[in-house]
Amino acid sequence: MKKIISVVIFSFIFIFLLLESTAVHAKEIRGVTEKTIRVGLICDLTGPASGVFNGYLQSIRTYFKHVNDHGGLRGRKLKLIVENDRYTIPGSIAAYKKLVYKDKVLAILGMGGSGQHKALYDRIEKDRIPVITLSASWHVTRPIKRYSFQPINDAGDEMKLIANYLINVKKVKNLRLAFVYADLEAGKMALDQLEKSMNHFGRQLVGKEILGIGDIDASTQVLALKRVKASHVAFIVAGSGILSLFRDAKKLAYHPTFVATFHAIGEDIVRTAGESARKLISVGGYSSWYENEPGVAELKKITLKYHPERKYIEKYATNRYYSKGWLTALTLVEGAKRAGGELSGETLVSGLETFQDLDTGGLSPPLSYGPKKRKATEAGKFYKADVEKGYFIPITDWMKPMH
């Protein structure tokens, strides 16, 4: 009898502990603990696009520090876990696996380049991990993927804006437009869209050249552009590829009007291009350090509080990717604030979907998401290089594609 009673008591204890364990396990939420929220970042720190990511990474770190010093997010401290993918697809996949399966982050920012993100679409959807991407490829949002978000326009939007600006706004006579692009997802998509946009206006490209983001010689491409007598050259290239294009155009006495995407809005471009920069126009979805916007003033105030040293400002904060990182971090935090109930990957997605013309103080166009909308805006703003000042200044307000 005593043995039977002992077995019954033991069984009750076992069931109680099992239920207790199950209840605790059910309350566990990936990336969210009582005191912290873990967020992953995948970026290139040592490869060909490291110049792109350094400012991006520093801005997110600074923004998170500001949030943590003001009580954190929903009472928890943000913890950023950074993985270097060296701008490779295998590196990005390995970084993703570590962040999701080992570090168990709530969400991922950055996600390397367009090819890296595209290679992970199926895993992201299966793992239900929200990603706010750096990718400018249309593949992020076409077709819609529940867990992938673009915080700004894509390269296709910027191609539409460039074609419309040259043909309908500037009304360029005898336009001979060529295109230079990196042979990556965003570059190929941009080429496809620019050709469609030119056809829409009854025009055609006179040439197209491939230039890698790590290329240090663009003389072959420049000579080809000269042969087709391109009066204007649109391009989507990042890293040393941009610098090579301007250096070799100058060396070979080729002086077209260059029209670029966001990647070319930088002091380094002005320094390299020199006088050639006077004929450089770029379109971007973020306001820069030099603009007089409330959102930029806030960015500068917070940055200077933590990093008053001039060296930091010149190296990171004035970098065009600093604003992009800031807006990405802001998007994550605002989405988490709006998440209903307990914070999780699912409620973060729901929180982001509440964005309806979110005002960023001019740091970007108003941002909107929804159940069938994962790109926050299609708008952009045009800039020109001010050679005397050494940086870009805006020449239009925010514009949306007209076709």
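- Under the ring pair (Phe, Tyr, Trp, His ring centres under 6.0 Å) criterion, Tyr383 pairs with no residue at all, not counting sequence neighbours.
- A 4.5 Å side-chain heavy-atom check between Ile242 and Asp268 finds every atom pair outside the cut-off.
- Lys301 and Glu298 are not joined by a salt bridge, as no carboxylate oxygen comes within less than 4.0 angstrom of a charged side-chain nitrogen.
- Looking only at side-chain heavy atoms (C-beta outward), Ile162 and Phe179 stay at 4.5 Å or farther from each other.
- Residues Thr347 and Ala339 come closest through the heavy atom pair O-CB, 3.2 Å.
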Q: Show your reasoning for whether salt bridge (charged side-chain N to carboxylate O under 4.0 Å, His left out) applies to Asp386 and Arg278.
A: CA-CA 7 Å; Asp386 188 313; Arg278 293 189 188 278; over 6 Å; no
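- Looking at Lys98 and Asp103, a side-chain N of the basic residue comes within less than 4.0 Å of a carboxylate O on the acidic one, giving a salt bridge.
- Between Leu177 and Arg203, the closest side-chain pair of non-hydrogen atoms is not below 4.5 Å.
- Applying the salt bridge (Lys or Arg N to Asp or Glu O under 4.0 Å) criterion to Asp217, with sequence neighbours excluded, gives no partner residue.
- By the ring pair (Phe, Tyr, Trp, His ring centres under 6.0 Å) test, His255 is found to be paired with no residue, residues two or more places apart in sequence or in another chain being considered.
- Scanning for salt bridge (Lys or Arg N to Asp or Glu O under 4.0 Å) contacts around Arg128 gives an empty result, with sequence neighbours left out.
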**Q.** Residue pair His403, Phe201: steps toward the ring-ring contact (aromatic ring centres under 6.0 Å, His included) verdict
**A.** CA-CA 10 Å; His403 65 284; Phe201 294 119; 5.0 Å; yes
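- Residues passing the salt bridge (Lys or Arg N to Asp or Glu O under 4.0 Å) test with Glu314, sequence neighbours excluded: Arg310.
- Side-chain contact between Tyr286 and Ile152 is present, with at least one heavy-atom pair separated by less than 4.5 Å.
- Here Asn84 contributes atom CG and Cys43 contributes atom SG; the two are 6.5 Å apart, rounded to the nearest 0.5 Å.
- One finds no salt bridge joining Glu353 and Lys372 here, because no Lys/Arg side-chain nitrogen approaches an Asp/Glu carboxylate oxygen to under 4.0 Å.
- Ring pair Phe382/Tyr165 is parallel by interplanar angle, where below 30° counts as parallel and above 60° as perpendicular.
- Using a 4.0 Å cut-off between charged nitrogen and carboxylate oxygen, Asp157 and Lys400 do not count as a salt-bridge pair.
- A salt bridge links Glu195 with Lys208: at least one charged nitrogen is closer than 4.0 Å to a carboxylate oxygen.
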Q: I would like to know whether Glu291 and Lys381 meet salt bridge (charged side-chain N to carboxylate O under 4.0 Å, His left out); could you show each step before the answer?
A: CA-CA 12 Å; Glu291 293 182 59; Lys381 178 165 49 177; 2.8 Å; yes
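- The pair Asp122-Lys126 does not meet the salt-bridge criterion, since no charged nitrogen lies less than 4.0 angstrom from a carboxylate oxygen.
- The aromatic rings of Phe235 and Phe258 sit perpendicular, their planes meeting at an angle over 60°, well past the 30° parallel limit.
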Scan the side chains in residues 181-191 for donor-acceptor partners under 3.5 Å anywhere in the protein, sequence neighbours excluded, and list what turns up.
| from | atom 1 | to | atom 2 | distance (Å) |
| --- | --- | --- | --- | --- |
| Glu185 | OE1 | Lys118 | NZ | 3.4 |
| Glu185 | OE1 | His139 | ND1 | 3.4 |

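- Ile269 has its side chain within reach of Phe246: a pair of non-hydrogen atoms, C-beta onward, lies under 4.5 Å apart.
- For Tyr96 and Asp127, the side-chain atoms include at least one donor-acceptor pair closer than 3.5 Å.
- In this structure, Lys389 forms no cation-pi arrangement with Tyr290, as its terminal cationic atom is not both closer than 6.0 Å to the ring centre and no more than 45° off the ring axis.
- At a threshold of 4.5 Å between non-hydrogen side-chain atoms, the residues His232 and Leu175 count as touching.
- Looking at heavy atoms from C-beta onward, Thr360 lies in side-chain contact with Ser364 at the 4.5 angstrom threshold.
- Taking 4.5 Å as the limit, some side-chain heavy atom of Met111 sits within range of a side-chain heavy atom of Ile124.
- The environment of Ile216 atom CD1 is sparse: at most 12 non-hydrogen atoms of other residues, nucleotides or ligands sit within 6.0 angstrom.
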